[in-house]
Amino acid sequence: MIMKVFNTLTRKKEEFKPLVAGKVSMYVCGPTVYNYIHIGNARSVIAFDTIRRYFEYRGYDVNYVSNFTDVDDKMINEAHKEHTTVEKLAERYIKAFMEDTEALNIEPATLHPRATHEIKEIIDFVQDLIDKGFAYEVDGDVYYRARKFPNYGQLSDQNIAELEEGASEHINEEEQSKKEDPIDFALWKAQKEEDEIAWDSPWGKGRPGWHIECSVMSTKYLGDTIDIHGGGQDLEFPHHENEIAQSEAKTGRKFVNYWMHNGFVTVGKKQEKMSKSLHNFVTVHDILKQIDPQVLRFYMSSVQYRRPINYSEDGLKQAETVLKRYQNTLRNLDARLNDENETLEDNGLRDDLTQAKAEFIEAMDDDFNVQNALSIMYDLATTLNNHLQKDQVDKPALKRAKKLLIAWLEIFGVSFNEEQAENDDEIEKLIAQRDEARKNKDWAESDRLRAELQAKGIVIEDTPQGTRWHRA
RNA sequence: GGCGGUGUAGCCAAGUGGUAAGGCACGGGUCUGCAAAACCCUAAUCAUCGGUUCAAAUCCGAUCACCGCCUCCA
């Protein structure tokens, strides 16, 4: 079967053909670490983690690189405001990022490079662009000659004339006066204040511009041409456009085969983009104090990466409901696998499993259509729940189903903790007492015991196979 | 102004020419001593108008509304 991926460059779904059979090289633009990530940032991380996990599910070996932008204007300003250093600020929020994403069950990248650890390579890269005539130095700044790159604007379908007009409205005069052309962008910025973080370079003390670091790290760690480059839709222009210009001007090779952009998290009735400038964001750090990370993760994974998600309480609640159902199914599945009853062969069930797997893959292969995939997963749970109510179950088939369901849930970043088969004597004793009471039809005592257990956070389920319990 | 996206039942949402998947919520029912869990049943003609076609949510045209990028942003 063929996987199809929507390529922003061509605005079409294309057959995915990796550069090297069985391997995927992926670069995803990471955060600027001057604050906790908010849910919109998390969406991007989750979307590409899900994509990565699906590639892995399909047997690909994924080399996944995601950077930290640990120096730029915002970093400098924030550090200044907090009377700390850019380095300390970076340490703090990189740590927070790793904690938040771990809670959301994000697989760490194969590599998390940082801009400030690549300064030498960045300088060499910029120098190369100067040598090739694609860049020029002015008063310690270095700019990229955008017009010289023939395909400038190809990713975002912008034409130079329009860009120029747009740029003229937003340009700051000082920068404008230095540039040869308003559409040029900075590769290197000269140090402005004495105490401002800076490195020595052929153009004096300064620091890298924003776009260059990704070109450098992507080519350095993954090669001149990579399979997939990802990020939020807001990075299409100018960030990714500029990355293409920088990288292809330097290497003379195609930079990226498939550009993938995730949709935004929106907020409120108007469905506005969640963003720092609109002050309508919720940080992951804060929200996880109130909600189960697994629920947030599943909610964010449950919409195809290109579509917007309108963040809502309802959506979270729905995700939680569905998640609980899977948890119950798996729990009941385990109970039946462990019970004493004879097994039987249910060919209908076995066929259903085979078919579900094929359908799941078909859905996901189509540009990660998670809505359809989840619908198939949901149906599988229904099939299993029905089967589990029978007096005799097909244990080998259930084992297979369990593996399938767990593997699928993992693609969406959900892994239920193995219920430790903790032999809690006290609870077992209370349940035994309750069973005794029920046998004697002493409902008052039975209900009293159930309430007592409930108070301890224990949920009771009476089934034809006996009483089961789990923690709420 | 340029480029892009969205509009399907109360809510989320699939579906890109063949006559509207699925989920949540609501309601009804089955099972249960009662619960819990689970299962079953139940709803929309697809923003508006016009066109093409035997046939359109799906194609074409126009209109309306909302969002995003073009300036730091996942």
Side-chain angles (χ1 to χ4, degrees), chain A residues 8 11 28-32 34-35 37-48 69 72-74 77 153 155-159 161-167 169-172 183 210 230-239 241 261-266 269-278 281 299 302-310 312 314-315 317-322 324-325 327-329 331-332 335 363 369-379 381-382 384-386 388-389 438 441-444 446-447 450-451 454 459-464 467-470 472:
Chain A
T8 309
R11 311 229 171 240
V28 177
C29 289
T32 302
Y34 70 109
N35 201 338
I37 57 167
H38 65 234
I39 292 174
N41 304 128
R43 204 278 164 103
S44 180
V45 178
I46 289 169
F48 288 105
T69 298
D72 84 329
D73 286 337
K74 282 171 300 191
N77 292 340
L155 180 66
S156 50
D157 274 331
Q158 303 285 334
N159 69 64
E162 291 295 343
L163 280 174
E164 201 167 352
E165 212 171 293
E169 288 173 30
H170 298 287
I171 212 79
N172 90 51
I183 64 171
W210 174 37
Q233 272 165 3
D234 47 2
L235 298 185
E236 254 173 63
F237 190 92
H239 186 56
E241 198 71 69
H261 292 95
N262 67 276
F264 299 129
V265 171
T266 62
K269 212 177 172 185
K270 286 187 74 178
Q271 315 215 125
E272 284 178 315
K273 176 189 176 187
M274 179 179 283
S275 74
K276 285 171 184 166
S277 45
L278 289 172
F281 63 90
Y299 176 39
S302 65
V303 176
Q304 198 237 14
Y305 73 97
R306 280 196 285 137
R307 316 214 87 215
I309 298 179
N310 195 34
S312 70
D314 262 15
K317 202 178 277 178
Q318 185 171 331
E320 186 175 14
T321 305
V322 172
K324 269 193 183 148
R325 180 168 176 270
Q327 196 168 18
N328 282 324
T329 297
R331 195 152 43 214
N332 290 333
N369 190 330
V370 301
Q371 281 106 322
N372 281 338
L374 286 171
S375 166
I376 287 147
M377 183 158 91
Y378 198 92
D379 282 350
T382 303
L384 293 174
N385 285 337
N386 273 311
L388 287 168
Q389 289 186 341
R438 291 179 70 221
K441 297 196 192 301
D442 184 354
W443 308 127
S446 158
D447 289 348
R450 182 167 61 197
Q454 207 163 28
V459 178
I460 297 291
E461 289 175 26
D462 296 324
T463 78
T467 300
R468 296 176 197 158
W469 65 273
H470 64 267

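Residue numbering restarts at 1 for every chain, and letters A, B, ... go by the order of the sequence lines.
Annotation: B/rG7 and B/rA44 have their C1' atoms spaced 15 Å apart (nearest Å). Rounded to whole Å, the separation between the C1' atoms of B/rA9 and B/rG2 comes to 37 Å. Across B/rA47 and B/rA65, the matching C1' atoms stand 8 Å from one another, rounded to whole Å. Taking atom P in both B/rU45 and B/rG28, one finds a spacing of 24 Å when rounded to whole Å. B/rC59 and B/rC54 are spaced 16 Å apart, taking the C1' atom of each and rounding to whole Å. Nucleotides B/rA21 and B/rC26, compared at atom P, are 23 Å apart to the nearest Å. Rounded to whole Å, the separation between the C1' atoms of B/rU58 and B/rC46 comes to 10 Å.
The pairing partner recorded for B/rU52 is none, the criterion being a Watson-Crick or G-U wobble arrangement whose two distances lie under 3.5 angstrom. If you check B/rC24 for Watson-Crick or wobble pairing at under 3.5 angstrom, you find it paired to B/rG10. Nucleotide B/rA57 forms a pair with no other nucleotide shown, judged by Watson-Crick or G-U wobble geometry with both contacts under 3.5 Å. The pairing partner recorded for B/rC34 is none, the criterion being a Watson-Crick or G-U wobble arrangement whose two distances lie under 3.5 angstrom. With a cut-off of 3.5 Å on both pairing distances, B/rG17 has no Watson-Crick or G-U wobble partner at all. Summarising the base pairing, B/rG4 is matched to B/rC67 through a Watson-Crick or G-U wobble pair whose two defining distances lie under 3.5 Å. In this structure, B/rC39 and B/rG29 make a Watson-Crick or G-U wobble pair, each of the two defining distances being under 3.5 angstrom.
In this structure, A/N332 does not reach the B/rA38 phosphate: none of its side-chain N or O atoms is under 4.0 Å from OP1 or OP2. A sub-4.0 Å separation between OP1 or OP2 of B/rC40 and a side-chain N or O of A/N386 is present. The shortest distance between the side-chain N/O atoms of A/R306 and the OP1/OP2 oxygens of B/rG4 is not below 4.0 Å. Look at A/Y34 and you won't find any side-chain N or O under 4.0 angstrom from OP1 or OP2 of B/rC72. For A/N35 and B/rC73, the shortest distance from a side-chain N or O to OP1 or OP2 is not below 4.0 Å.
Comparing atom distances between the A/R11 side chain and each of B/rG4, B/rA74, B/rA13 picks out B/rG4 as nearest.
Take the nearest nucleotide of RNA chain B for A/T382 and for A/K276: the residue whose nucleotide is more 5' is A/T382. Of the two residues contacting RNA chain B, namely A/Q304 and A/T329, the nearest-nucleotide position lying further toward the 5' end is that of A/Q304.
Rounded to an integer number of Å, the gap from A/D157 CG to B/rG68 C1' is 15 Å. For the pair A/E461 CD and B/rC39 C1', the computed distance is 14 Å after rounding to whole Å. Atom CD of A/Q327 and atom P of B/rA37 are 12 Å apart (whole Å). Distance A/N385 CG to B/rU30 P: 20 Å, rounded to the nearest Å. Atom CZ of A/R307 and atom C1' of B/rG4 are 14 Å apart (whole Å). Separating the CD atom of A/E236 from the P atom of B/rC73 is a distance of 14 Å, rounded to the nearest angstrom. Separating the NZ atom of A/K273 from the P atom of B/rC70 is a distance of 7 Å, rounded to the nearest angstrom. Rounded to whole Å, the distance from CG on A/N310 to P on B/rG5 is 20 Å.
Within the 4.5 Å cutoff, the side chain of A/R43 has heavy atoms near those of the A/V303 side chain.
Using bins of under 30°, 30° to 60° and over 60° for the plane-to-plane angle, the ring pair A/W210/A/H239 lands in the parallel bin.
Residue A/K276 qualifies as enclosed at atom NZ: its count of foreign heavy atoms under 6.0 Å is above 12.
A donor-acceptor contact under 3.5 angstrom links the side chains of A/N328 and A/R331, judged on distance only.
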Anything under 3.5 Å between a protein N or O and an N or O of nucleotides 32-34 of chain B, put it in a table, one pair a line.
from: B/rG33; atom 1: O6; to: A/S446; atom 2: OG; distance (Å): 3.1
from: B/rG33; atom 1: N1; to: A/D447; atom 2: OD1; distance (Å): 2.9
from: B/rG33; atom 1: N2; to: A/D447; atom 2: OD1; distance (Å): 3.4
from: B/rG33; atom 1: N2; to: A/D447; atom 2: OD2; distance (Å): 2.7
from: B/rC34; atom 1: O2; to: A/R450; atom 2: NH2; distance (Å): 2.6
from: B/rC34; atom 1: N3; to: A/R450; atom 2: NH1; distance (Å): 2.9
from: B/rC34; atom 1: N3; to: A/R450; atom 2: NH2; distance (Å): 3.3
from: B/rC34; atom 1: N4; to: A/D462; atom 2: OD2; distance (Å): 3.2

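In terms of polar N and O atoms assigned as donor or acceptor, the side chain of A/Q318 comes within less than 3.5 Å of the base of B/rG23 in a complementary pairing. Judged by distance alone with a 3.5 Å cut-off, no donor-acceptor contact links the side chain of A/K74 to the base of B/rC73.
Here the side chain of A/Y299 pairs no donor or acceptor atom with the backbone of A/E320 at under 3.5 angstrom. Side-chain atoms of A/T382 come within 3.5 Å of backbone atoms of A/Y378 as a donor-acceptor pair (strictly under, hydrogens ignored). At distances below 3.5 Å, not a single donor-acceptor pair connects side-chain atoms of A/E236 with backbone N or O atoms of A/L155. A/E461 contributes no side-chain N or O that, together with a main-chain N or O of A/R468, makes up a donor-acceptor pair within less than 3.5 Å.
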